[in-house]
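Residue numbers begin at 1 in each chain, while the letters A, B, ... track the order of the sequences.
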Protein chains: 2
Amino acid sequence: MLSKKTKYALHALTYLGKHREEKTVLIHDIAEEHGISHKFLENILLELKKAGMLGSKKGKGGGYYLIKEPKDIPLSKVIRLLDGPIAMLPCVSLNYYEPCDECKDEATCGINKVMIQVRDETLKILENKTLADILKT
Amino acid sequence: MLSKKTKYALHALTYLGKHREEKTVLIHDIAEEHGISHKFLENILLELKKAGMLGSKKGKGGGYYLIKEPKDIPLSKVIRLLDGPIAMLPCVSLNYYEPCDECKDEATCGINKVMIQVRDETLKILENKTLADILKT
DNA sequence: ATAAAGCCTACATATTTTATAGGGTTTATG
DNA sequence: CATAAACCCTATAAAATATGTAGGCTTTAT
């Protein structure tokens with residue numbers, strides 16, 4: 001399951017996407033809208049910013065804003081940033097690969113094979129669906 | 001990511017599947033084969049047994065054994081039993097549904113829509129792949 | 001100068017996962 | 001029938017992770 005961090009990030013991005021005509025949006029407003037702790041959300045937005053997914057303006061009258069087109073923000077990127085691997089097993093993760101310690105031989109592991117399939121189907125969706133798709137509805 | 005519990009369960013079932021000619025298999029042997037704590041695995045096997053996925057024989061000379069054909073044990077069932085929901089969000093889980101508390105309206109939530117797709121593609125694989133498929137390789 | 005707002009780091013709390021402990025019960029066997 | 005092997009059951013402990021808080025720093029409009 002996605003962590004709250006990731007869910008909050010997705011909601012925050014959605015909110016920013018919906019308020020693109022405004023120059024900046026306050027953390028406060030997003031937090032209030034979704035009933036999220038201000039400080040917790042602050043950390044999340046900061047992380048998104050550091051990852052180059054959004055921009056900010058400091059000081060009075062400041063706030064956050066999208067620096068990319070929503071269609072250029074794939075959901076996979078947001079999830080990986082905040083939750084880490086998308087795959088169901090470390091041994092099939094593309095971005096966070098690690099061998100499974102209880103597995104003797106990856107090459108002959110049937111679980112590995114199935115989880116590669118799951119990963120591929122999942123990524124087929126999450127790499128192609130973007131913030132723009134979420135904004136549509 | 002799958003929990004260790006689930007991974008251990010899958011490995012244990014695989015082990016049992018590979019030793020079907022023997023009447024029973026000891027917890028000890030499975031634990032040793034995969035470097036799992038005996039007692040931890042004991043709890044897992046017990047849970048699998050209670051769920052009707054395997055049988056056991058008590059006392060000296062006892063042990064565990066499969067009571068179903070491997071082809072009749074879908075991976076989704078094992079995962080759900082030990083890990084709970086397969087879906088990425090509670091609000092799209094078929095077996096463990098709960099509303100997301102940060103979401104105002106499920107019907108118009110774009111995240112929800114995407115995650116339903118992910119769930120469906122994932123289940124398409126995990127409901128159809130069974131222990132038999134894992135045993136093949 | 002002041003107040004508003006994001007930046008940053010560290011800490012605190014809660015929850016979940018993983019593992020252990022220890023006795024109970026059943027059963028084959030000599 | 002005594003014994004040892006093996007699963008059964010419940011409770012608790014330890015570790016890891018996720019969630020949330022605190023508090024001061026820096027930047028900026030007015």
Side-chain angles (χ1 to χ4, degrees), chain A residues 1-9 11-12 16 22-32 34-67 79 81-85 88 90 96 98 100-102, chain B residues 1-9 11-12 16 22-32 34-67 79 81-85 88 90 96 98 100-102:
Chain A
M1 302 273 263
L2 297 180
S3 68
K4 290 201 170 190
K5 238 171 150 170
T6 298
K7 291 200 267 177
Y8 292 165
H11 278 112
L16 288 168
E22 298 157 40
K23 271 207 291 288
T24 64
V25 169
L26 297 181
I27 297 176
H28 177 82
D29 293 346
I30 307 175
E32 196 164 67
H34 289 96
I36 307 174
S37 143
H38 176 107
K39 280 301 216 174
F40 192 37
L41 183 58
E42 187 176 347
N43 291 332
I44 294 167
L45 292 180
L46 207 48
E47 214 170 332
L48 288 168
K49 188 205 160 168
K50 285 184 181 164
M53 311 192 67
L54 40 80
S56 67
K57 186 166 178 308
K58 291 184 199 170
K60 196 173 179 183
Y64 283 97
Y65 52 90
L66 288 181
I67 49 176
I79 296 175
L81 179 66
L82 295 151
D83 253 13
M88 287 189 137
Y96 299 85
E98 273 185 62
C100 291
D101 27 290
E102 64 282 347
Chain B
M1 302 271 266
L2 296 180
S3 68
K4 290 203 172 187
K5 235 169 151 175
T6 299
K7 291 201 269 179
Y8 292 166
H11 279 112
L16 287 168
E22 299 157 41
K23 270 206 292 286
T24 65
V25 170
L26 296 182
I27 297 176
H28 177 82
D29 292 347
I30 307 175
E32 195 164 67
H34 290 98
I36 307 174
S37 142
H38 175 107
K39 279 299 214 173
F40 192 38
L41 183 58
E42 189 176 346
N43 290 333
I44 295 168
L45 292 180
L46 207 46
E47 215 170 332
L48 288 169
K49 188 202 159 168
K50 285 183 183 166
M53 312 193 64
L54 39 79
S56 67
K57 187 167 179 307
K58 292 183 197 170
K60 195 173 183 182
Y64 283 97
Y65 51 91
L66 288 180
I67 49 175
I79 295 174
L81 179 66
L82 294 151
D83 254 11
M88 287 189 138
Y96 298 86
E98 273 185 60
C100 291
D101 26 290
E102 63 283 345

Closest-nucleotide 5' rank along DNA chain C - winner of B:K4 and A:G62: A:G62
Just the rounded figure in Å: distance from [atom2] of [N] to [atom1] of [X].
{"X": "B:F40", "N": "C:dA21", "atom1": "CZ", "atom2": "P", "value": "14 Å"}
{"X": "A:D101", "N": "C:dA19", "atom1": "CG", "atom2": "C1'", "value": "15 Å"}
{"X": "B:L82", "N": "C:dT18", "atom1": "CG", "atom2": "C1'", "value": "13 Å"}
{"X": "A:I44", "N": "C:dC7", "atom1": "CD1", "atom2": "C1'", "value": "15 Å"}
{"X": "A:K50", "N": "C:dC7", "atom1": "NZ", "atom2": "P", "value": "9 Å"}
{"X": "B:I36", "N": "C:dT18", "atom1": "CD1", "atom2": "P", "value": "12 Å"}
{"X": "A:N43", "N": "C:dC7", "atom1": "CG", "atom2": "C1'", "value": "10 Å"}
{"X": "B:I27", "N": "C:dT20", "atom1": "CD1", "atom2": "C1'", "value": "14 Å"}

Parallel, tilted or perpendicular, as decided by the 30° and 60° cut-offs, for the rings of B:H38 and B:H28: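 Correct class here is tilted.
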Plane angle bin for B:H34 and B:H11 - parallel if under 30°, tilted between 30 and 60°, otherwise perpendicular: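 Plane angle between 30° and 60°, so tilted.
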Pairwise side-chain contact, [X] with [Y], heavy-atom cut-off 4.5 Å (strictly under):
{"X": "B:K5", "Y": "B:E47", "result": "yes"}
{"X": "A:K4", "Y": "A:S37", "result": "no"}
{"X": "A:Y8", "Y": "A:L2", "result": "no"}
{"X": "A:L45", "Y": "A:I30", "result": "yes"}
{"X": "B:M53", "Y": "B:L81", "result": "yes"}

Under-4.0 Å side-chain N/O to phosphate OP1/OP2 contact, A:S56 with C:dC7: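 For C:dC7, OP1 or OP2 has a side-chain N or O of A:S56 closer than 4.0 Å.
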Contact letters for nucleotides 23-30 of chain C, in which S counts primed atoms plus P, OP1 and OP2 and B counts the base, heavy atoms under 4.0 Å: B--BBB--
B:T24 side chain to B:G62 backbone, donor-acceptor under 3.5 Å: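 Yes: the side chain of B:T24 pairs with the backbone of B:G62.
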Residues in side-chain hydrogen bond (donor to acceptor under 3.5 Å, both in side chains) contact with A:K58, at least two apart in sequence or another chain: none
Along DNA chain D, first and last positions that approach a heavy atom of chain B under 4.0 Å: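 Listing 5' to 3', DNA chain D meets chain B from D:dA5 to D:dT10.
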